[in-house]
**Q** 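Got a structure here, written out as structure tokens. Questions coming.
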Amino acid sequence: MSDDGLPARILHVDDDEDVLNEVHEYLGDEEILDWGRPEVVGITSFEDALGYLEKERFDLVVLDVRLGSAQEDVDVEDEAGLVALEQIRDRRFVPIVFWTGLPGAIEHLAGELVLVREKTEGLPALSGAVDSLFKTRLPAVNRALLRLVEDEQRRYMWEFVAEHWSELKAVEDHTSVAYLLARRLGRSLSGPGIRQLAKELGEDADSGVPPDGKIHAMEMYLRPPVAGTALEAGDLLRGKDGDEESWSLVLTPSCDLEHGKADYVQLAACLPFADQVDVIAWRSGEGNKGERKAAERRVVEILRQQTGGQLDRWLYLPRALDIPDLIVDMQKLRSVPRAEVDDLQRIASLDSPFAESAINRYNRYYGRVGTPDLDAEAAFERFSSADGEGA
């Protein structure tokens, strides 16, 4: 069984009743990881299958590509697979195995989560494809994430909305509840919610879950940026500098970008972390013991995101997927015409409060006022005198 105690659910769509029965019998006797034997639901109509996907949840779909041609003007050879895939994607996320006699017509659709197997390969090939998709753990992640959202929605509706309905029903703006719920869901899906999700998936501290009081690198980023939103402060952009990949962090205030007040966009260069001067000094092993320890201390301070003085020049951005370990250099700035920024790829946005923290760091660094050092040694000597109060 899965983490929720329920078996895997597979939707099989084929217009041949004999094939449906064979697959039901074969896959129904297979053990799927720790999920046990799956529940296989056979449907002969693609349109009916779409209805099932809208009403029920399945962990995987097995589909004969010919059924995607049920609509008029759909060419079996060229468009059936694409039409079927798009209609499924419009309704639900679910990995797909095209089990068909026309593999050549849909090979271009194949990917990590959309597999193509020819029927002549037999049921073992189909079973292998099903097994490989469940081994990705994505069906388990998807199910656990949906359960987390539903649990939070259930608790919120009973524990807050139901308890305060006498007040809420009097509010003329009925969208208030929706806004409150959406914000609460967003919060629940970070911090404790993520930890609970990781635990349900069998993860522990040794496999990437940070200890209490710490965050995972992924929590710093919104990846990809929220659809439909404009360029904003804290966006991480990727481009090309000759043959080399380059990264930049947007520092221009979001309100200026959103309302068209920024003719130029301020970008800070994001360099490979290994190229930061203190990291180079620390790794080189050169200098005396005191110098090496000082370089190591500065590297640790940067990694801990410590602030103040010259430390504000540097901002460490941890590795996440294809984002490498980066160091933002607040001294290495460039002002780029707004139109040219659109040529750069918007990879991720720093989430709140990390975006705001980056802008504050930038403002502190350039707004600091330098003062001569006080003769602290003399003051220390006075306070170290016999009476403890100085001369």
Side-chain angles (χ1 to χ4, degrees), residues 205-211 213-221 223 233-251 266-336 344-345 347-351 353-377 380:
D206 294 331
S207 57
V209 178
K214 306 294 182 181
I215 67 165
H216 193 281
M218 293 292 190
E219 294 184 65
M220 286 187 62
Y221 303 103
R223 176 77 187 276
D235 279 353
L236 189 59
L237 310 180
R238 181 169 62 190
K240 282 287 187 180
D241 184 5
D243 294 331
E244 298 295 323
E245 188 175 70
S246 66
W247 296 83
S248 302
L249 186 71
V250 176
L251 298 176
Q266 189 85 334
L267 302 178
C270 303
L271 310 173
F273 182 73
D275 292 347
Q276 199 271 344
V277 292
D278 295 304
V279 177
I280 293 173
W282 166 55
R283 286 182 166 175
S284 70
E286 298 176 355
N288 58 44
K289 183 177 180 180
E291 291 171 336
R292 294 195 301 272
K293 289 297 293 182
E296 180 181 336
R297 184 184 68 252
R298 288 193 295 271
V299 172
V300 171
E301 290 173 339
I302 291 171
L303 289 173
R304 288 177 174 170
Q305 311 283 23
Q306 290 183 228
T307 60
Q310 287 298 321
L311 279 174
D312 282 331
R313 173 182 174 181
W314 308 106
L315 174 63
Y316 168 60
L317 299 180
R319 181 178 61 190
L321 299 179
D322 59 342
I323 299 173
D325 286 298
L326 297 171
I327 190 80
V328 183
D329 186 351
M330 299 299 181
Q331 278 193 11
K332 195 168 184 180
L333 306 174
R334 61 189 177 120
S335 191
V336 180
L344 302 175
Q345 188 178 5
I347 298 297
S349 300
L350 291 182
D351 198 1
F354 304 106
E356 295 86 347
S357 177
I359 304 307
N360 286 339
R361 182 183 291 264
Y362 165 72
N363 291 332
R364 280 196 309 270
Y365 184 65
Y366 282 98
R368 72 193 191 284
V369 177
T371 59
D373 291 336
L374 180 69
D375 186 358
E377 287 77 9
F380 182 79

**Q** Given side-chain contact (heavy atoms from CB on, under 4.5 Å), test Val250 with Leu267 step by step and report yes or no.
**A** CA-CA 5 Å; Val250 176; Leu267 302 178; 3.7 Å; yes
**Q** Quick check on Glu244: does its CD atom have over 12 non-hydrogen neighbours (other residues, nucleotides or ligands) under 6.0 Å away?
**A** no
**Q** Indicate yes or no for a side-chain donor-acceptor contact from Glu286 to the backbone of Ala281 under 3.5 Å, with no hydrogens or angles considered.
**A** no
**Q** Compile the donor-acceptor pairs under 3.5 Å between side chains in residues 296-304 and protein atoms, sequence neighbours left out, one pair per line.
**A**
| unit_1 | atom_1 | unit_2 | atom_2 | d |
| --- | --- | --- | --- | --- |
| Arg298 | NE | Asp278 | OD1 | 2.5 |
| Arg298 | NH2 | Asp278 | OD1 | 3.4 |

**Q** State, yes or no, whether a side-chain contact exists between Leu344 and Val336 at a heavy-atom distance under 4.5 Å.
**A** no
**Q** What is the distance from atom OG of Ser248 to atom CG of Leu326, rounded to the nearest 0.5 Å?
**A** 10.0 Å
**Q** With heavy-atom distances below 4.5 Å as the criterion, would you say the side chains of Leu315 and Leu317 are in contact?
**A** yes
**Q** Please give me the minimum heavy-atom distance between Pro272 and Ile327, naming the atom from each residue.
**A** O-CG2, 3.9 Å
**Q** Determine the minimum heavy-atom distance between Met220 and Pro318, stating which atoms define it.
**A** SD-CD, 3.5 Å
**Q** Indicate the atoms forming the closest heavy-atom contact of Arg223 with Ala348, along with that distance.
**A** CD-CB, 3.8 Å
**Q** Rounded to the nearest 0.5 Å, what separates atom CZ in Arg364 from atom OG1 in Thr307?
**A** 4.5 Å
**Q** For Ala355 versus Gly234, what's the shortest heavy-atom pair and its separation?
**A** CB-CA, 4.2 Å
**Q** For Arg238, give me all partners under salt bridge (Lys or Arg N to Asp or Glu O under 4.0 Å), at least two apart in sequence or on another chain.
**A** Glu245, Asp322
**Q** With rounding to the nearest 0.5 angstrom, report the CH2 to CD1 distance, Trp247 to Ile347.
**A** 5.0 Å
**Q** Find the distance between CG (Leu333) and CG (Leu251) and round it off to the nearest 0.5 Å.
**A** 6.5 Å
**Q** Would you say the side-chain atoms of Gln276 pair up with the backbone N or O of Phe273, donor to acceptor, closer than 3.5 Å?
**A** no
**Q** Any chance you could measure Trp314, atom CH2, to Met330, atom CE, to the nearest 0.5 Å?
**A** 10.5 Å
**Q** Within this structure, what is the SG-CG distance for the pair Cys270 and Asp325, rounded to the nearest 0.5 Å?
**A** 12.5 Å
**Q** At their closest point, which heavy atom of Arg283 faces which heavy atom of Ala274, and how far apart are they?
**A** NH1-CB, 3.5 Å
**Q** Is there a donor-acceptor pair closer than 3.5 Å between any side-chain N or O of Arg361 and the backbone N or O of Leu311?
**A** yes
**Q** Within the structure provided, determine whether Tyr221 and Leu350 are in side-chain contact (heavy-atom separation under 4.5 Å).
**A** yes
**Q** Could you tell me which residues satisfy side chain to side chain contact (heavy atoms under 4.5 Å, CB included) with Gln331, sequence neighbours excluded, listed by chain and number?
**A** Arg313, Asp329, Tyr365, Tyr366
